[in-house]
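The shown structure was predicted, so the numbers you read here are calculated from the model rather than taken from an experiment. Below, chain A is the first sequence line, B the second, and so on; all start at residue 1.
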2 protein chains.
Amino acid sequence: MVDLDNPAPTDDLHAEIEQFYFAYRGFTDRADRILDKRGLGRVHHRILYFIGRRPDVSVRGLLDLLAVSKQALNAPLRQLMEMGLVGAEAGAQDRRVKNLRLTSQGRKLEAELTEAQTRHLRAAFDRAGAEAQRGWSAVMGELVKG
Amino acid sequence: MVDLDNPAPTDDLHAEIEQFYFAYRGFTDRADRILDKRGLGRVHHRILYFIGRRPDVSVRGLLDLLAVSKQALNAPLRQLMEMGLVGAEAGAQDRRVKNLRLTSQGRKLEAELTEAQTRHLRAAFDRAGAEAQRGWSAVMGELVKG
DNA sequence: CTATTGTGTCAATATGGTTGACCTGGATAA
DNA sequence: TTATCCAGGTCAACCATATTGACACAATAG
């Protein structure tokens with residue numbers, strides 16, 4: 001890790017910007033290290049994650065969530081389907097769309113991947129306290145909206 | 001933006017993970033868009049940022065902060081020096097080391113770049129309240145430490 | 001003198017993304 | 001029906017960003 005002065009809220013929010021940067025870097029590194037062992041990248045993780053969170057999401061929906069081109073999505077998604085981690089069936093009303101779901105294998109890997117991040121977050125929440133956790137979520141919610 | 005359910009703290013912290021992901025993505029996008037107009041990338045921003053925050057940092061120090069290889073740092077750093085945004089002078093005790101500093105032009109660009117992120121953060125803090133801001137910082141501090 | 005360290009550079013390579021063009025097949029409006 | 005649109009898939013060219021390895025040079029430390 002890196003030496004970081006404690007908050008001491010100043011006007012320019014420089015300290016907070018650094019907190020955000022280093023916190024997110026450490027947060028993603030946890031999963032990345034597990035991913036690397038399996039020859040997978042962040043995209044695979046995000047795909048697994050979002051399909052897990054939004055079962056029956058379409059390819060188009062995934063594209064919007066991930067904010068990448070369909071060409072960038074296609075290869076890793078196909079790979080996950082070939083690995084038997086993601087399944088698809090044609091949509092009921094519109095048979096063009098694919099409804100994507102995790103297989104039981106896929107759910108297992110997704111859980112393992114997310115677990116590292118969950119533990120990391122959980123530990124920070126526990127140390128900072130429930131009130132701080134609520135504040136964190138409130139600010140994050142505003143950032144997402146804004 | 002993307003539709004996100006409100007916190008409703010569950011056990012698995014999935015909602016919080018998404019908040020983190022989308023919040024950080026939106027956070028960095030602000031600066032990225034400005035950077036793109038000048039043909040610069042995130043690395044340039046980080047270099048400018050950290051030199052601004054830690055004047056007289058060495059190349060080695062920068063490498064540790066950014067966690068990249070020196071080859072990855074070299075090109076953008078040289079570019080910034082050629083653009084007159086970053087200056088260097090030999091260290092006083094050890095003349096091998098470069099003490100990196102922003103020029104007045106560099107400070108101007110850095111401020112402009114960081115301003116977008118600052119405004120974004122500030123707005124979220126204002127909407128969420130001072131107590132939430134303290135909580136956010138406390139959790140982020142724990143994440144950085146952890 | 002020798003070894004180590006800070007910096008810079010060349011080369012080869014990997015990864016991950018982009019845009020553009022084109023295709024299939026299913027849905028839908030004229 | 002025909003024309004058009006849309007979801008999805010794929011090929012190609014390209015570009016940005018990163019890596020590791022090897023090497024060079026200058027300066028400091030022993």
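Taking 4.0 angstrom as the limit, Ser69(B) places none of its side-chain polar atoms (N or O) nearer than this to OP1 or OP2 of dA18(D).
With rounding to whole Å, Glu89(A) atom CD is found 16 Å from dA7(D) atom C1'. Separating the CZ atom of Arg46(A) from the P atom of dG16(C) is a distance of 11 Å, rounded to the nearest angstrom. Protein atom CZ of Arg60(A) is 10 Å distant from nucleotide atom C1' of dC6(D), rounded to whole Å. Here the P atom of nucleotide dT15(C) and the CG atom of Asp32(A) are 14 Å apart, to the nearest Å. To the nearest angstrom, C1' of dT7(C) lies 13 Å from CG of Asn99(B). Rounded to an integer number of Å, the gap from Asp36(B) CG to dG17(C) C1' is 13 Å. In this structure, Leu62(A) places its CG atom 13 Å from C1' of dG8(D), rounding to the nearest Å.
For residues 81-92 of chain B, there are no side chain to side chain donor-acceptor pair (under 3.5 Å) pairs, not counting sequence neighbours. Here ring-ring contact (aromatic ring centres under 6.0 Å, His included) pairs that include residues 114-135 of chain B, with residues two or more places apart or in two chains, are Phe125(B)-Trp136(B).
Residue contacts shown for Gly91(A) are absent, as no nucleic acid heavy atom lies under 4.0 Å away.
Under the 4.0 Å criterion applied to side-chain N and carboxylate O atoms, Arg107(B) and Glu110(B) are not assigned as salt-bridge partners.
Across the interface with DNA chain C, nearest-nucleotide mapping of Leu63(B) and Val43(A) shows Leu63(B) to be the residue nearer the 5′ end.
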Scan nucleotides 23-30 of chain D against the protein and return all N/O pairs shorter than 3.5 Å with their distances rounded to 0.1 Å.
| residue | atom | partner | partner atom | Å |
| --- | --- | --- | --- | --- |
| dT28(D) | OP1 | Arg95(B) | N | 3.3 |

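For Arg101(A), the side chain to side chain donor-acceptor pair (under 3.5 Å) partners two or more places apart in sequence, or in a different chain, are Asp56(A). Qualifying side chain to side chain donor-acceptor pair (under 3.5 Å) partners for Arg95(A), counting only residues two or more places apart in sequence or in other chains: none. Evaluation of the ring-ring contact (aromatic ring centres under 6.0 Å, His included) rule for Tyr21(A) yields Phe50(B) as partners, not counting sequence neighbours. Shown here are the ring-ring contact (aromatic ring centres under 6.0 Å, His included) partners of Phe27(A), two or more places apart in sequence or in another chain: Phe20(B).
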Show me the donor-acceptor pairs within less than 3.5 Å that the side chains of residues 35-44 of chain B make with the rest of the protein, sequence neighbours left out.
| residue | atom | partner | partner atom | Å |
| --- | --- | --- | --- | --- |
| Arg38(B) | NH2 | Glu112(B) | OE1 | 2.9 |
| Arg38(B) | NH2 | Glu112(B) | OE2 | 3.3 |
| Arg42(B) | NE | Asp32(B) | OD1 | 3.3 |
| Arg42(B) | NE | Asp32(B) | OD2 | 2.9 |
| Arg42(B) | NH2 | Asp32(B) | OD2 | 2.9 |
| His44(B) | ND1 | Gly41(B) | N | 2.9 |
| His44(B) | NE2 | Gln79(B) | OE1 | 3.1 |

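For a distance-only test at 3.5 Å, the side chain of Gln71(A) qualifies as a donor-acceptor partner of the base of dG20(C).
Contacts with DNA chain D (heavy atom under 4.0 Å) in residues 73-82 of chain A: Asn74(A), Arg78(A), listed by number.
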- [ ] Show the numbers, then the answer: is there a salt bridge (charged side-chain N to carboxylate O under 4.0 Å, His left out) between Asp64(B) and Arg60(B)?
- [x] CA-CA 6 Å; Asp64(B) 292 339; Arg60(B) 194 97 244 340; 2.8 Å; yes
